[in-house]
Asker: 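Quick one: the structure is below, questions incoming.
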Amino acid sequence: MDFRIYNTRTRSVEAFAPQVAGRVGLYVCGMTVYDDAHIGHARAMVVFDTFVRWLRATGWNARFVRNFTDVDDKIIRRATELGEDPAALAQRYIDRFHEDMLALGLAAPDAEPRVTSSIGTIVRLIERLVERGHAYAAEGSVWFDVASFDRYGALSNQQPSELRSEDPQAGKRGGADFALWKAVKPGEPSWESPWGPGRPGWHVECSAMAEQELGETIDIHGGGLDLVFPHHENEVAQSECAHGGATYARYWMHNGLLTMSSGQKMGKSLGNAVTIRALLETYPAEALRLYYLQTHYRSPLPFDEAALPDALGMLARLYEAREVAEKMGGEGDPDGIARALGADALEVLTLGRAFRAGMDEALREDFNTSRALGLAFELARAVNRLSNHPKSKKLGGPLVAPALEALASLADIGLLTLDTATFQAEIKAKRLPMLGVTAAQVEELIAARAQARRDKEWAKADAIRDELEAKRIAVMDRPDGATEWRIRL
RNA sequence: GGCGCCGUACCCAAGUGGCUAAGGGAAAGGUUUGCAAAACCUUCAUUCUCCGGUUCGAAUCCGGACGGCGCCUCCA
């Protein structure tokens, strides 16, 4: 299915045209592994996971590559502080990152190249840049010569002359020149190279790994908006100079940053980070996903703890509508039944049938997940409305069949992937500890209340309800006599 | 100093030239219920930070002001 996507390079929404029909190669800048990933990283991971899922669901053969930066200044500094080997530290955080991604319900990338496994590729790329006159060695380091690339600044719309230049460093000629290879310093990990022992600069690794996994020209390159300059600008310079001018990435897709409610962005170095694993202790992964997908991927998202219960409530609303629909029985011609049952029945049928096309239409236009979700909620309301019809339980099945198919298709963006019991159990497992009660205690109170109700001791029954309500447990008596309970979000 | 982004109801948020300004939450009233919860119904922006301009027509385009951010140093 064709789609349009905002391209940072041209600053406009463009129709996507693949290099090879039906195929998409996607490279997303991954983590520098020196600490646990926070929910700002999670936003980027979830956005691109969702995008790839949807691409595949709509028929694309997508190859998704996400790297690890497993050697760099911060890793080395942290390892030194902890008295740990940098490689061991990086591996530890890679393992923890994988755990986090699994907990978030993300599909594994097709390739996850690491810098330390790609040194040869990186060195060969730097050699090509030196040979072509785009890089120069000085005192064991190699620098990219920004002045040698006239398109420098095109991606981020920067003029090299206007940039604040950093402090001059040994052997560096231009203020905007950046390191391709860093000469070893005492106590640092290093690899042999034609320029002596050292390690890769930050930007060159992505150029090298992207070429290795996806070829000289990538279809879509993704990452956080904060990477546009200098990281992605430098990747363009390196790759296009090494490849004789061939376009590095045809579409640049950048996600907006998660900011604190104060407006500042969340960052490990800013010390204001909420880690993924901390958040997933109290919220289901799909609630976090819905929280992200409610907002367009390019918009800044101010993190607000209070928004998470809302997101969980929204998710529960979708799950509950699905459960309501699943319980409707009957068979026959849906259009005939709709005519017999009236406007609400026709509405469910119509919205259910139109959903998938509507969702895709929204996602095809710069991946507008917010609009797609709006349609899902309209459908959920229609299902619930139909459920008020006295005959819906016996006859509604055929009417809600398209709606159930529609809700199932939300799995293509990673939502409603669980069965209802699993979802409810997850909420209880994650939220009950915060409320200071156990499921057994709740069940006990509910049993006592049931007895009081049988005895028609309404005051006693209501006292128990109040007691549970004080613990944020909502008790629901079903028409068939059963009593269920939910945690009030 | 340079390059950008954003400002839509009480809150979150879609909409970027023209049909009723999606959707969720909150709030108020109602249906239902032993009481509740959930669900449903109704109400809730003649208006899109402000001021000009373009246009038959603008939240949407242009200019300016005010406010909030991002990048230029590590950052998803």
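Both backbone and side-chain heavy atoms feed into the values below; hydrogens, waters and symmetry mates do not. Labels below follow one simple rule: chain letters A, B, ... track the order of the sequence lines, proteins then strands, and each chain is numbered from 1.
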Asker: Decide yes or no, distance alone: a donor-acceptor N/O pair under 3.5 angstrom between the base of rC40(B) and the side-chain of R381(A).
Answerer: no
Asker: Return the nucleotide paired to rU54(B): Watson-Crick means purine N1 to pyrimidine N3 with N6-O4 or O6-N4, wobble means G-U with N1-O2 and O6-N3, both under 3.5 Å.
Answerer: none
Asker: From NZ of K393(A) over to C1' of rA38(B), roughly how many Å is that when rounded to an integer?
Answerer: 14 Å
Asker: Select base, sugar-phosphate, or nothing to describe what R449(A) touches, counting heavy atoms under 4.0 Å on all strands.
Answerer: base
Asker: Taking the P atom in each of rA59(B) and rG53(B), what is the distance between them to the nearest angstrom?
Answerer: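 To the nearest whole Å, 15 Å.
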Asker: If pairing requires Watson-Crick or G-U wobble contacts with both distances under 3.5 Å, which nucleotide is the partner of rG1(B)?
Answerer: rC72(B)
Asker: With no angle test and no hydrogens, is the base of rG24(B) tied to the side chain of R317(A) by a donor-acceptor pair under 3.5 Å?
Answerer: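 Absent.
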Asker: Rounding to a whole Å, what distance do you find between Y291(A):OH and rA13(B):C1'?
Answerer: 12 Å
Asker: As a test of understanding, state which of L418(A), V324(A), T422(A) forms a side chain to side chain contact (heavy atoms under 4.5 Å, CB included) with Y319(A).
Answerer: L418(A)
Asker: I'd like to know whether the aromatic ring centres of F97(A) and F68(A) sit less than 6.0 Å apart in this structure.
Answerer: yes
Asker: Can you tell which of rA76(B), rA13(B), rG34(B) lies closest to the side chain of W458(A)?
Answerer: rG34(B)
Asker: Both distances below 3.5 Å, Watson-Crick or wobble geometry, any strand: find the nucleotide opposite rC40(B).
Answerer: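 rG30(B) is the nucleotide pairing with rC40(B).
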Asker: Indicate whether the side chain of Y248(A) and that of E235(A) have a donor and an acceptor atom separated by less than 3.5 Å.
Answerer: yes
Asker: What distance, rounded to whole Å, do you find between the two P atoms, one in rA14(B) and one in rA9(B)?
Answerer: 13 Å
Asker: Take atom CZ of F367(A) and atom P of rA13(B), then tell me their distance rounded to the nearest Å.
Answerer: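 In whole Å, rA13(B) P lies 18 Å from F367(A) CZ.
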Asker: For a quick test of reading the model: is some side-chain N or O of N388(A) closer than 4.0 Å to OP1 or OP2 of rU31(B)?
Answerer: no
Asker: Establish whether the base of rA36(B) is bridged to the side chain of R465(A) by a donor-acceptor pair shorter than 3.5 Å.
Answerer: yes
Asker: Taking rA38(B) as the reference, what is the distance to rU46(B) when you measure between their C1' atoms (whole Å, please)?
Answerer: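 rU46(B) and rA38(B) have their C1' atoms separated by 35 Å.
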Asker: With ring centroids as reference points, do F144(A) and Y152(A) lie under 6.0 angstrom apart?
Answerer: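 Aromatic pair excluded; centres sit 6.0 Å or further apart.
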Asker: Return yes if some donor-acceptor pair links the side-chain N/O of N255(A) with the main-chain N/O of Y297(A) below 3.5 Å, else return no.
Answerer: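 Not at all, since once roles are kept as given, no pair shorter than 3.5 Å links the two residues.
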Asker: Which nucleotide in the list rA37(B), rA76(B), rA13(B) gets nearest to the side chain of L227(A)?
Answerer: rA76(B)
Asker: Heavy atoms from C-beta onward define the side chain here; which of rA13(B), rA76(B), rC35(B) lies closest to that of P302(A)?
Answerer: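 Nearest to the side-chain atoms of P302(A), counting from C-beta on, is rA13(B).
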Asker: Going by ring centres under 5.5 Å and near-parallel planes (under 30°), is F377(A) stacked on rG24(B)?
Answerer: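 Base of rG24(B): not stacked against F377(A).
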Asker: With P as the reference atom in both, quote the distance from rC62(B) to rG7(B) in angstrom, rounded to an integer.
Answerer: 14 Å
Asker: Please give the distance between the C1' atoms of rA26(B) and rC44(B) as a whole number of Å.
Answerer: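 About 11 Å, rounded to a whole number of Å.
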Asker: Looking only at side-chain atoms of D310(A), point me to the closest of rA14(B), rA76(B), rG24(B).
Answerer: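 It is rG24(B).
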Asker: Using a strict threshold of under 4.0 Å (side-chain N to carboxylate O), is an ion pair present between E326(A) and R322(A)?
Answerer: yes
Asker: Check whether any side-chain N or O of T69(A) sits under 4.0 Å from OP1 or OP2 of rA76(B), and answer yes or no.
Answerer: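 No, T69(A) has no side-chain N/O under 4.0 Å of OP1/OP2 on rA76(B).
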Asker: At 4.0 Å (heavy atoms only), tell me whether V228(A) reaches a base, stays on the sugar-phosphate, or touches nothing.
Answerer: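 No contact.
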Asker: Would R465(A) and D477(A) pass as an ion pair if we require N to O under 4.0 Å?
Answerer: yes
Asker: Strictly by Watson-Crick or wobble contacts shorter than 3.5 Å, is anything paired with rG7(B), and which nucleotide is it?
Answerer: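 Per the H-bond distance test, rC66(B).
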Asker: When the P atoms of rC66(B) and rA28(B) are considered, how many whole Å apart are they?
Answerer: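 Roughly 41 Å separates the two P atoms.
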Asker: Taking only the side-chain nitrogens and oxygens of N384(A), find out if one of them lies under 4.0 Å from OP1 or OP2 of rC40(B).
Answerer: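 Checking N384(A) against rC40(B): at least one side-chain N or O falls below 4.0 Å of OP1 or OP2.
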Asker: In whole angstrom, give the distance that lies between atom CZ of R385(A) and atom P of rU32(B).
Answerer: 19 Å
Asker: Taking the nucleotide of RNA chain B with the closest heavy atom to each, which residue, G223(A) or G374(A), is nearer the 5' end?
Answerer: G374(A)
Asker: Can you measure D466(A) atom CG to rC35(B) atom P for me and round it to whole angstrom units?
Answerer: 15 Å
Asker: In whole angstrom, give me the gap between the C1' atoms of rG67(B) and rG30(B).
Answerer: 41 Å
Asker: Does OP1 or OP2 of rG4(B) have a side-chain N or O of R11(A) closer than 4.0 Å?
Answerer: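 No, no such contact exists.
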Asker: Using atom CD of Q294(A) as one end and atom P of rC12(B) as the other, report the distance to the nearest whole Å.
Answerer: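 It works out to 11 Å between those atoms.
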Asker: At 4.0 Å (heavy atoms only), tell me whether S370(A) reaches a base, stays on the sugar-phosphate, or touches nothing.
Answerer: base
Asker: Answer yes or no: does a side-chain N or O of N157(A) lie under 4.0 Å from OP1 or OP2 of rG4(B)?
Answerer: yes
Asker: Does the base of rC35(B) carry an N or O that pairs as donor and acceptor with the side chain of D477(A) under 3.5 Å?
Answerer: yes
Asker: Using whole Å, what does the distance between atom C1' of nucleotide rC35(B) and atom CE of M476(A) come to?
Answerer: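 Whole-Å distance recorded here is 15 Å.
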Asker: For T295(A) and for F48(A), find the nucleotide of RNA chain B with the closest heavy atom, then tell me which residue's nucleotide is more 5'.
Answerer: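 The residue mapped nearer the 5' terminus is T295(A).
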Asker: Considering only side-chain heavy atoms of Q158(A), which listed nucleotide, rA14(B), rC3(B), rA76(B), is closest?
Answerer: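 Of all the options, the side chain of Q158(A) is nearest to rC3(B).
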Asker: Base, sugar-phosphate, or nothing for G30(A), non-hydrogen atoms under 4.0 angstrom?
Answerer: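 Here G30(A) touches the backbone only, sparing every base.
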Asker: Going by purine N1 to pyrimidine N3 plus the second Watson-Crick contact, or the G-U wobble pair, all under 3.5 Å, which nucleotide sits opposite rU60(B)?
Answerer: none
Asker: Which word best sums up how the rings of F16(A) and Y251(A) line up, parallel for under 30°, tilted for 30 to 60°, or perpendicular for over 60°?
Answerer: tilted
Asker: Tell me the partner of rA22(B), counting only Watson-Crick (N1-N3 plus N6-O4 or O6-N4) or G-U wobble (N1-O2 and O6-N3) with both under 3.5 Å; none if nothing fits.
Answerer: none
Asker: Answer yes or no: is there a donor N or O on one side and an acceptor on the other, between the side chain of R431(A) and the main chain of T282(A), under 3.5 Å?
Answerer: yes
Asker: Rounded to whole Å, how long is the line connecting atom CD of E378(A) with atom P of rG23(B)?
Answerer: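 Rounded to the whole Å, the gap is 5 Å.
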Asker: Between the side-chain atoms of D462(A) and the base atoms of rG34(B), is any donor-acceptor pair under 3.5 Å?
Answerer: yes
Asker: Measuring only the C1' atom in each nucleotide, how far is rA76(B) from rU20(B)? A whole number of Å is fine.
Answerer: 40 Å
Asker: Applying a 4.0 Å non-hydrogen cut-off, can you work out what H296(A) is touching in the nucleic acid: base, sugar-phosphate, or nothing?
Answerer: sugar-phosphate
Asker: Between rA37(B), rG15(B), rA76(B), which nucleotide gets closest to the side-chain atoms of R488(A)?
Answerer: rA37(B)
